[in-house]
Amino acid sequence: MIRIHREGRWIVALTILLLLVLVILSGCFLPYQANYAISLIALALLVLVLRFFRIPRRRPFLDERIVTAPSDGKVVVIEKVHQEEFLESPAIQVSIFMSIHDVHINYFPVEGSVVYTRYHPGRYLVARHPKSSSLNERASTGIETLWGTILVRQVAGFVARRIRCYARTGEASRQGREMGFIKFGSRLDLFLPPDVSIQVKPGQRVIGGVTPVARFK
């Protein structure tokens, strides 16, 4: 059985209703061949929506010295930056781009304590745009661990215009647990201490809560 995330239940229900009405109407007023084609298209759309909001069954990778991927997707950026919002220090940025085919649940990448949360209104540039991390709508979460402090940034994209961040300042960060959700494709930025050992490469596919992204030294 496919489990549907709470952020998508009403969307899935509405999609099923609209597609069902479309198929019934096409069956009443259109030739058999057209109704068959519309039914196939409706089925494909339903499968896409179900895949997007599904809750995957997976076993998180748990290790307090490991930073795991905060989302499914492709690594698009690994670079040294000066992180000014919260860390106010040099950092390594690792960015993961989520396509519409990826699970869009966001996971806590480390075990620790949430010490900073902030929502930033902004623009809706394409998530692959280099400036999207600093100009787009985004939610930032700072997490303090035994090995260092990191920042996780959820970034909205051109289509994704709804960010859900479940992290709250003062609460625990449980590695592999849900941290938030972004609807319809976007990106996650990790800002890590400059001395971490990066475990991924640009272009690599990662699995949220499972794939090791970096190791604290």
Side-chain angles (χ1 to χ4, degrees), residues 2-3 5 7-8 50-81 83 87 91-114 127-128 130 132-133 138-157 160 163-167 172-217:
I2 298 177
R3 296 185 300 160
H5 196 276
E7 298 289 354
L50 290 175
R51 278 176 50 82
F52 183 86
F53 289 107
R54 73 192 185 278
I55 300 177
R57 297 183 183 275
R58 60 182 57 160
R59 180 177 296 178
F61 185 97
L62 303 178
D63 186 328
E64 64 180 15
R65 294 190 64 178
I66 291 292
V67 181
T68 52
S71 72
D72 292 10
K74 180 187 291 186
V75 177
V76 293
V77 172
I78 301 176
E79 63 180 5
K80 295 181 179 180
V81 298
Q83 211 293 314
L87 300 178
I92 296 180
Q93 177 180 341
V94 178
S95 297
I96 299 169
F97 176 79
M98 298 178 291
S99 75
I100 197 169
H101 300 289
D102 291 313
V103 172
H104 277 54
I105 300 170
N106 305 148
Y107 303 89
F108 283 109
V110 292
E111 195 78 9
S113 300
V114 178
R128 291 181 181 271
S132 65
S133 180
R138 57 202 182 277
S140 301
T141 301
I143 304 173
E144 187 177 78
T145 77
L146 293 175
W147 311 97
T149 303
I150 74 168
L151 182 72
V152 186
R153 178 180 287 165
Q154 300 166 277
V155 184
I163 296 174
R164 290 284 187 260
C165 181
Y166 308 145
S173 164
R174 299 299 185 191
Q175 190 174 36
R177 299 283 184 87
E178 283 192 26
M179 189 192 78
F181 197 98
I182 306 179
K183 295 183 179 180
F184 301 114
S186 193
R187 66 187 275 174
L188 266 290
D189 295 333
L190 281 172
F191 295 93
L192 309 171
D195 62 344
V196 299
S197 175
I198 299 297
Q199 307 291 302
V200 292
K201 299 178 180 180
Q204 179 178 334
R205 297 283 306 177
V206 296
I207 300 174
V210 176
T211 306
V213 170
R215 175 183 289 274
F216 290 112
K217 292 185 177 179

Students often mix this up, so state it plainly: with edges at 30° and 60°, are the rings of His104 and Phe181 parallel, tilted or perpendicular?
tilted

For Leu190, run the side-chain contact (heavy atoms from CB on, under 4.5 Å) check against Ile92, Val77, Val152 and tell me which one passes.
Val152

Are Tyr107 and Leu188 close enough that some pair of their side-chain heavy atoms sits under 4.5 Å apart?
no

Report yes if the side chains of Pro70 and Met179 come closer than 4.5 Å at any heavy-atom pair, otherwise no.
no

Could you name each residue pair satisfying side-chain hydrogen bond (donor to acceptor under 3.5 Å, both in side chains) that touches residues 193-213, not counting sequence neighbours?
Asp102-Arg205, Ser197-Gln199

Are Glu178 and His5 linked by a side-chain donor-acceptor pair shorter than 3.5 Å?
yes

Could you pull out the closest heavy-atom pair between Ile182 and Arg187, with the gap in Å?
CD1-O, 4.0 Å

pair Ser173-Thr145: side-chain heavy atoms closer than 4.5 Å:
no

State the CZ-CE distance between Phe52 and Met98, to the nearest 0.5 angstrom.
7.5 Å

Once you round to the nearest 0.5 Å, how far does CZ of Phe53 lie from CD of Glu7?
8.5 Å

Side chains of Ser95 and Asp189: donor-acceptor distance under 3.5 Å anywhere?
yes

Would you indicate whether the side-chain heavy atoms of Arg51 and His101 approach each other to under 4.5 Å?
yes

Short question: side chain of Gln154, backbone of Arg164 - any donor-acceptor pair under 3.5 Å?
yes

Determine the sole option in Val196, Leu192, Val94 for which the side-chain contact (heavy atoms from CB on, under 4.5 Å) test with Val67 is passed.
Leu192

Does atom CZ (Arg58) have a neighbourhood of more than 12 heavy atoms from anything else shown, all under 6.0 Å?
yes

Any side-chain heavy atom of Pro193 within less than 4.5 Å of one from Ile150?
yes

Locate the shortest heavy-atom distance separating Leu151 from Ser140; write the atom from each residue and the value.
CD1-CB, 4.0 Å

For a 4.5 angstrom cut-off between non-hydrogen side-chain atoms, does Phe216 reach Val110?
yes

Working to the nearest 0.5 angstrom, can you tell me the gap between Gln93 CD and Lys80 NZ?
14.0 Å

More than 12 heavy atoms of other residues, nucleotides or ligands under 6.0 Å from CZ of Arg3: yes or no?
yes

Determine yes or no for a side-chain-to-main-chain donor-acceptor pair under 3.5 angstrom, with Asn106 supplying the side chain and Ser71 the backbone.
no

Taking the side chain as every heavy atom from C-beta outward, state whether Val75 and Val213 have any pair of such atoms under 4.5 Å apart.
no

Has Gln175 got a side-chain atom pairing as donor or acceptor with Ile66's backbone, closer than 3.5 angstrom?
yes

Could you tell me which non-hydrogen atom of Ile198 sits nearest to which non-hydrogen atom of Ile78, and how far apart they are?
CG2-CD1, 4.2 Å

Considering non-hydrogen atoms only, spot the tightest contact between Cys165 and Thr141 and give its length.
SG-OG1, 3.5 Å

